[in-house]
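Everything below concerns the one structure shown next.
Below, chains carry the letters A, B, ... as their sequence lines are ordered, and counting in each starts from 1.
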There are 4 protein chains.
Amino acid sequence: MQILIRPGDELPIYRQIMSQITEALAVGRLQPGEKLPSHRELAEELVIAPLTVKKAYDELESLGFLETQRGRGTFVCSRLPKLKMADQREQIEAAARKLLSLAYMVGVDLGGVVEILRKAEDELLHGSHSAASRAAG
Amino acid sequence: MQILIRPGDELPIYRQIMSQITEALAVGRLQPGEKLPSHRELAEELVIAPLTVKKAYDELESLGFLETQRGRGTFVCSRLPKLKMADQREQIEAAARKLLSLAYMVGVDLGGVVEILRKAEDELLHGSHSAASRAAG
Amino acid sequence: MQILIRPGDELPIYRQIMSQITEALAVGRLQPGEKLPSHRELAEELVIAPLTVKKAYDELESLGFLETQRGRGTFVCSRLPKLKMADQREQIEAAARKLLSLAYMVGVDLGGVVEILRKAEDELLHGSHSAASRAAG
Amino acid sequence: MQILIRPGDELPIYRQIMSQITEALAVGRLQPGEKLPSHRELAEELVIAPLTVKKAYDELESLGFLETQRGRGTFVCSRLPKLKMADQREQIEAAARKLLSLAYMVGVDLGGVVEILRKAEDELLHGSHSAASRAAG
DNA sequence: GTGGTCTAGACCACC
DNA sequence: GTGGTCTAGACCACG
């Protein structure tokens with residue numbers, strides 16, 4: 001469960017945990033049915049308050065990504081949820097706009113962006129070359 | 001100025017304003033030296049408190065995008081700031097990772113993502129076909 | 001925190017707070033990593049509006065002197081920022097010119113100025129012999 | 001009347017004018033009895049509003065540095081005023097503290113500060129090697 | 001408890 | 001007219 005926390009970050013800690021878990025899910029580094037560390041365990045590992053990890057787990061559970069089995073632990077759901085179509089489109093478009101704006105501001109064109117995406121894909125799929133940057137999502 | 005506010009959004013109002021202004025800058029819809037509406041004016045137009053717009057302007061000023069001249073108004077900086085190379089890379093890579101993760105989760109592959117980017121580019125450059133979604137960035 | 005506010009001063013209150021904090025930093029009275037009082041607490045102590053203290057903290061944060069952690073508080077950055085060399089020189093030279101001009105106007109020569117500096121140094125390092133004058137910087 | 005205006009500066013324009021005139025007075029570049037350009041003239045030269053120059057002149061007049069003779073123009077007073085002792089001390093001490101804090105923050109000690117003062121003195125007395133930096137005071 | 005955001009009002013300084 | 005500062009309140013999110 002390689003998770004990296006940046007305490008002072010703009011993104012709240014529990015959100016950092018959530019987005020890193022969903023990234024791992026999207027990419028297949030976490031498999032359906034797989035068991036996660038207990039929130040206390042993970043909290044100790046990350047040196048943060050247990051409640052904070054629990055909040056991340058709870059949110060992910062209410063979104064349908066995780067499920068907890070009393071006394072056994074927390075697991076990745078076997079059937080991952082599909083977001084509502086409207087939300088999907090909107091979120092992806094927003095992310096696309098943001099990426100484009102950033103690129104434009106540095107003078108990178110669409111071709112360059114695609115190049116960057118290729119590298120990011122490679123990184124996401126085959127391990128974490130730059131662990132530090134993983135907390136940024 | 002064509003800014004669209006979504007009151008209940010997760011992103012705070014002043015952030016929505018900031019990101020829409022920086023998007024406009026990146027894309028050239030706002031030109032260096034151009035005068036922005038006064039924060040009071042824009043606040044009235046958006047039906048929000050003047051201080052909220054002012055906060056957005058202030059942040060953009062401290063980031064080097066805008067500059068204010070007492071008694072005259074707020075303007076786009078003539079020389080836009082260059083981010084430090086490290087920050088640039090990290091920000092763009094984070095945005096790329098986020099876009100990819102979202103796409104993966106919906107079963108869209110890199111080709112599909114590029115398609116989405118093309119549409120987003122078109123939207124950013126020429127008018128606002130889906131004005132509502134522009135506030136999400 | 002020993003901060004002294006002069007309500008009617010030409011320098012705005014939040015600026016008075018900022019300059020007294022940066023002075024404390026320069027001189028070592030505030031150490032890297034140290035926790036500052038919450039903006040509400042300090043506001044109550046100084047008998048001013050909480051937002052006013054917050055503005056001072058916010059500015060110092062965007063300048064890289066302080067960092068805040070949601071729910072935990074505001075802290076002195078562990079690594080204080082280095083100004084760009086050009087800015088450094090210019091700021092120091094401007095301060096030197098101002099000091100000299102003031103001295104000249106009163107008929108104090110360089111020797112006298114050095115004498116004044118010695119006293120100021122002593123004051124900054126060890127207690128606040130003239131607390132009232134400390135708000136002027 | 002070499003005056004340099006920095007439009008976006010934190011210091012209001014009329015204050016920039018005032019401080020550059022008083023600096024010139026302190027250093028002797030402007031002599032008692034000397035005639036200043038009319039506020040309209042100077043305004044045109046500096047490309048700013050005449051009212052702004054007038055305000056600077058008015059303030060300096062009410063402080064006793066300048067005097068206007070109806071129909072003849074504005075002149076440096078023959079007997080320059082002495083500030084009140086309390087104000088003097090306070091202003092000079094504040095300037096000293098500010099200079100010291102800046103120096104400390106860059107790792108310059110009292111010896112280095114004296115060195116800087118020597119250079120500044122030389123510059124002030126013998127013409128303006130760096131005209132740009134003169135607007136900072 | 002902490003900081004983060006927003007409101008509605010006020011008064012001032014500047015140009 | 002512009003921006004700059006300050007107040008007194010409110011509600012939310014975070015740890």
Side-chain angles (χ1 to χ4, degrees), chain A residues 5 7-17 43 46-56 59, chain B residues 5 7-17 35-43 46-59 61 66-75, chain C residues 5 7-17 35-43 46-59 61 66-75, chain D residues 5 7-17 43 48-56 59:
Chain A
I5 296 303
D9 199 278
E10 181 180 34
L11 206 61
I13 296 177
Y14 85 98
R15 286 280 205 174
Q16 294 180 37
I17 298 173
L46 302 179
V47 197
I48 59 181
L51 263 183
T52 305
V53 180
K54 185 164 191 316
K55 174 156 189 181
E59 294 273 307
Chain B
I5 296 303
D9 198 280
E10 181 184 36
L11 208 59
I13 296 178
Y14 84 96
R15 287 281 197 176
Q16 295 179 36
I17 298 174
K35 185 177 186 304
L36 293 168
S38 83
H39 70 268
R40 290 178 219 267
E41 207 179 331
L42 185 51
L46 303 179
V47 198
I48 58 179
L51 258 190
T52 304
V53 179
K54 187 172 189 310
K55 175 156 190 182
Y57 280 15
D58 282 350
E59 295 272 299
E61 181 174 5
L66 303 183
E67 64 185 349
T68 71
Q69 294 179 16
R70 262 181 321 279
R72 306 221 315 102
T74 303
F75 303 82
Chain C
I5 296 304
D9 199 278
E10 181 183 37
L11 207 59
I13 295 177
Y14 83 96
R15 287 280 198 179
Q16 295 179 37
I17 298 173
K35 185 176 184 308
L36 293 168
S38 83
H39 70 267
R40 291 179 221 265
E41 208 179 330
L42 184 51
L46 303 179
V47 197
I48 58 179
L51 257 190
T52 304
V53 180
K54 187 173 191 307
K55 176 156 189 181
Y57 280 15
D58 282 350
E59 296 271 300
E61 181 174 6
L66 304 182
E67 64 187 348
T68 71
Q69 295 178 15
R70 262 182 321 279
R72 304 219 319 101
T74 303
F75 303 81
Chain D
I5 296 303
D9 198 278
E10 182 180 32
L11 208 61
I13 294 177
Y14 84 98
R15 287 278 204 174
Q16 295 180 37
I17 297 174
I48 58 181
L51 262 183
T52 304
V53 180
K54 186 164 192 314
K55 174 156 189 180
E59 294 273 306

ask   = What closest approach, in Å, do Tyr14(C) and Ala56(C) show between heavy atoms, and which atom pair accounts for it?
value =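 Shortest heavy-atom separation between Tyr14(C) and Ala56(C) comes out as O-CB, 3.5 Å.
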
request  = Identify the two heavy atoms, one from Gln16(A) and one from Asp9(A), that lie closest to each other, and give their separation to 0.1 Å.
outcome  =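 Smallest heavy-atom distance, with atoms named: NE2-CB, 3.3 Å.
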
First locate atom [atom1] of [X], then atom [atom2] of [Y], and finally report the distance between them rounded to the nearest 0.5 Å.
{"X": "Thr52(C)", "Y": "Leu42(C)", "atom1": "OG1", "atom2": "CG", "result": "10.5 Å"}
{"X": "His39(C)", "Y": "Ile17(C)", "atom1": "NE2", "atom2": "CD1", "result": "11.5 Å"}
{"X": "Glu67(C)", "Y": "Leu36(C)", "atom1": "CD", "atom2": "CG", "result": "10.5 Å"}
{"X": "Arg72(C)", "Y": "Lys35(C)", "atom1": "CZ", "atom2": "NZ", "result": "8.5 Å"}
{"X": "Lys55(B)", "Y": "Asp58(C)", "atom1": "NZ", "atom2": "CG", "result": "6.0 Å"}
{"X": "Thr68(C)", "Y": "Glu10(A)", "atom1": "OG1", "atom2": "CD", "result": "10.5 Å"}

Rounded to the nearest Å, what distance is computed from the [atom1] atom of residue [X] to the [atom2] atom of nucleotide [N]?
{"X": "Leu11(B)", "N": "dC6(E)", "atom1": "CG", "atom2": "C1'", "answer": "15 Å"}
{"X": "Glu10(D)", "N": "dA13(E)", "atom1": "CD", "atom2": "P", "answer": "16 Å"}
{"X": "Leu42(C)", "N": "dC6(F)", "atom1": "CG", "atom2": "P", "answer": "14 Å"}
{"X": "Glu59(D)", "N": "dA13(E)", "atom1": "CD", "atom2": "C1'", "answer": "11 Å"}

First encountered from the 5' end of DNA chain E, between Thr52(B) and Glu41(C) =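 Between the two, 5'-proximity favours Glu41(C).
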
message = Quick check on DNA chain F: between Ala49(A) and Ile48(C), whose nearest nucleotide comes earlier from the 5' end?
response =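 Residue closer to the 5' terminus by nearest nucleotide: Ile48(C).
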
ask   = DNA chain F: stems of at least 3 consecutive Watson-Crick or G-U pairs, cut-off 3.5 Å?
value =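 Stem list for DNA chain F: E:1-14 with F:1-14.
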
Dump the pairs, protein N or O against N or O of nucleotides 3-5 of chain E, anything under 3.5 Å, distances to one decimal.
unit_1, atom_1, unit_2, atom_2, d
dG3(E), OP1, Thr74(C), OG1, 3.3
dG3(E), OP2, His39(C), ND1, 3.4
dG3(E), N7, Arg40(C), NH2, 2.5
dG3(E), O6, Arg40(C), NH2, 2.8
dG4(E), OP2, Lys54(C), NZ, 3.3
dT5(E), OP1, Tyr14(B), OH, 2.9
dT5(E), OP2, Tyr14(B), OH, 3.1
dT5(E), OP2, Lys55(B), NZ, 3.3

request  = Could you tell me whether Glu67(B) contacts a base, only the sugar-phosphate backbone, or nothing, with contacts defined as non-hydrogen atoms closer than 4.0 Å?
outcome  =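 Contact class for Glu67(B): none.
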
